[in-house]
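Here the structure is laid out as structure tokens; the discussion comes afterwards.
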Amino acid sequence: MKVLHDVFQRLLEAYGPQQWWPGDSPLEVMVGAVLTQNTSWKNVERAIANLKQARALTLDTLHAMSHEELAELIRPAGYYQLKAKRLKNLLALIADRFDGEVDELLSLNRTQLRDALLSVNGIGPETADSMVLYAAHQPIFVVDTYTSRVLKRHGWIQFDADYREIQELFHMGLAEDTELFNEYHALLVRVGNQHCRKTPKCDACPLRAMLPDGGPLEE
DNA sequence: CACCAGGCAAGTA
DNA sequence: TACTTGCATGGT
């Protein structure tokens, strides 16, 4: 799929490198991945700031903290009861199966790591893949709402394509390159935020020349 | 005021 | 398997 390379070039030229994932440690990346589920990154930043303020971005602190305490700190990220539980589930995985060491979890190969993460209640495909790519730095393509929307509106995939099919498209069409996958996903989120919202704003979009005749496709 | 954001799981038929 | 619903804050 040559179009995948073209899209990447256009986005990179328009926006430049995105320097993802914002975060100082693998644990912070993983926490952020849970907190940003269906949530704007702006709100996640507030929650992360609260955790840092409380010196709560270490495994030990998080593990020792009560559900109520954790929930209150991450409140700005929304779904805070649910996400506190999901973070605790992730901590439990690390404590129970990886000797309480994040590095031991992250040293698994990408397939085993993905499966381990998916076994946690509250971690689905996108969150798991975000952790594999941005915390473990292994080449897996992260598919999110914007990725799907951009491809569908341009007619590059079927509207009923699921997560696995979209991910396979990128895996088949691109070199298996962690830096490429990193930058590409971040750029798709960027163009999605600015142009490929629910109601599209294609006027100044870097990809507008690639639209089908008659504009973006819809269901 | 309504709508949306870097999803996921559980319930229903 | 294929839909539907709950979860929640903060910005536009």
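Computed from heavy atoms alone, side chains included, the values below leave out hydrogens, waters and symmetry copies. Labels below follow one simple rule: chain letters A, B, ... track the order of the sequence lines, proteins then strands, and each chain is numbered from 1.
Closest non-hydrogen pair, A/L180 versus A/A175, comes out as CD2-O, 3.9 Å.
A gap of 15 Å separates the P atoms of C/dT5 and B/dC3, to the nearest Å. Comparing B/dC8 with C/dG10, their P atoms sit 23 Å apart, to the nearest whole Å.
In this structure, A/H67 atom NE2 and C/dC7 atom C1' are separated by 12 Å, rounded to whole Å. Nucleotide C/dG11 holds its P atom 15 Å from the CG atom of A/N193, rounded to whole Å. A straight line from CG of A/D162 to P of C/dT1 spans 11 Å, rounded to a whole angstrom. Atom-to-atom, NZ of A/K201 to C1' of B/dC4 comes out at 12 Å; the value is rounded to the nearest Å. Computed from coordinates, the A/I74 CD1 to C/dA8 P distance equals 9 Å when rounded to whole Å. Computed from coordinates, the A/L117 CG to B/dG7 P distance equals 17 Å when rounded to whole Å.
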Which atom pairs link the protein and nucleotides 10-13 of chain B when you take only N or O atoms and keep those under 3.5 Å?
| from | atom 1 | to | atom 2 | distance (Å) |
| --- | --- | --- | --- | --- |
| B/dA10 | OP1 | A/N121 | ND2 | 2.9 |

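The residue A/V120 sits close only to the backbone: its heavy atoms come under 4.0 Å of sugar-phosphate atoms, none of a base. Contact annotation for A/I123: backbone-only contact, meaning every heavy-atom pair under 4.0 Å involves sugar-phosphate atoms and none involves a base. Among the heavy atoms of the strands, none lies under 4.0 Å from A/T199.
Taking every heavy atom of residues 23-48 of chain A and every atom of DNA chain C, pairs under 4.0 Å involve A/N38, A/N43, A/R46, by number. Shown for residues 80-97 of chain A: residues whose heavy atoms fall under 4.0 angstrom of DNA chain C, namely A/Y80, A/Q81, A/L82.
Counting only N and O atoms by type, the side chains of A/T178 and A/Q138 include no donor and acceptor under 3.5 Å apart. A donor-acceptor contact closer than 3.5 angstrom links the side chains of A/Q167 and A/D129. Side-chain contact annotation: A/T145 with A/S148, donor-acceptor N/O pair under 3.5 Å absent.
At a threshold of 4.5 Å between non-hydrogen side-chain atoms, the residues A/D6 and A/M210 count as touching. Residues A/T39 and A/L35 fail the side-chain proximity criterion, which asks for heavy atoms closer than 4.5 Å. When side chains are defined from C-beta on, A/L108 counts as touching A/F98, because their heavy atoms get closer than 4.5 Å.
Positionally, the nearest nucleotide of DNA chain B for A/K198 lies more toward the 5' end than for the other of A/K198 and A/T145.
Taking A/T36 as the reference, A/W21, A/W41, A/V44 meet the side-chain contact (heavy atoms from CB on, under 4.5 Å) condition, with sequence neighbours excluded. When the ring pair (Phe, Tyr, Trp, His ring centres under 6.0 Å) test is applied to A/F141, the partners found at least two apart in sequence or on another chain are A/F170, A/F181, A/Y184.
The side chain of A/R75 sits closest to C/dT9 out of B/dG7, C/dT9, B/dA5. The A/P76 side chain lies nearest to C/dG10 when the options are C/dA8, B/dA5, C/dG10.
Distances shorter than 4.0 Å separate some side-chain N or O of A/R149 from OP1 or OP2 on B/dA5.
The closest donor-acceptor contact from the side chain of A/R208 to the backbone of A/C205 lies under 3.5 Å.
For the ring pair (Phe, Tyr, Trp, His ring centres under 6.0 Å) with A/H185, the lone residue among A/W20, A/Y146, A/F8 that qualifies is A/W20.
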Give the table of side-chain donor-acceptor pairs shorter than 3.5 Å for residues 63-76 of chain A, with sequence neighbours excluded, one pair per line with atom names and distance.
| from | atom 1 | to | atom 2 | distance (Å) |
| --- | --- | --- | --- | --- |
| A/S66 | OG | A/E69 | N | 3.0 |
| A/H67 | NE2 | A/Q81 | OE1 | 2.8 |
| A/E69 | OE1 | A/S66 | N | 3.4 |

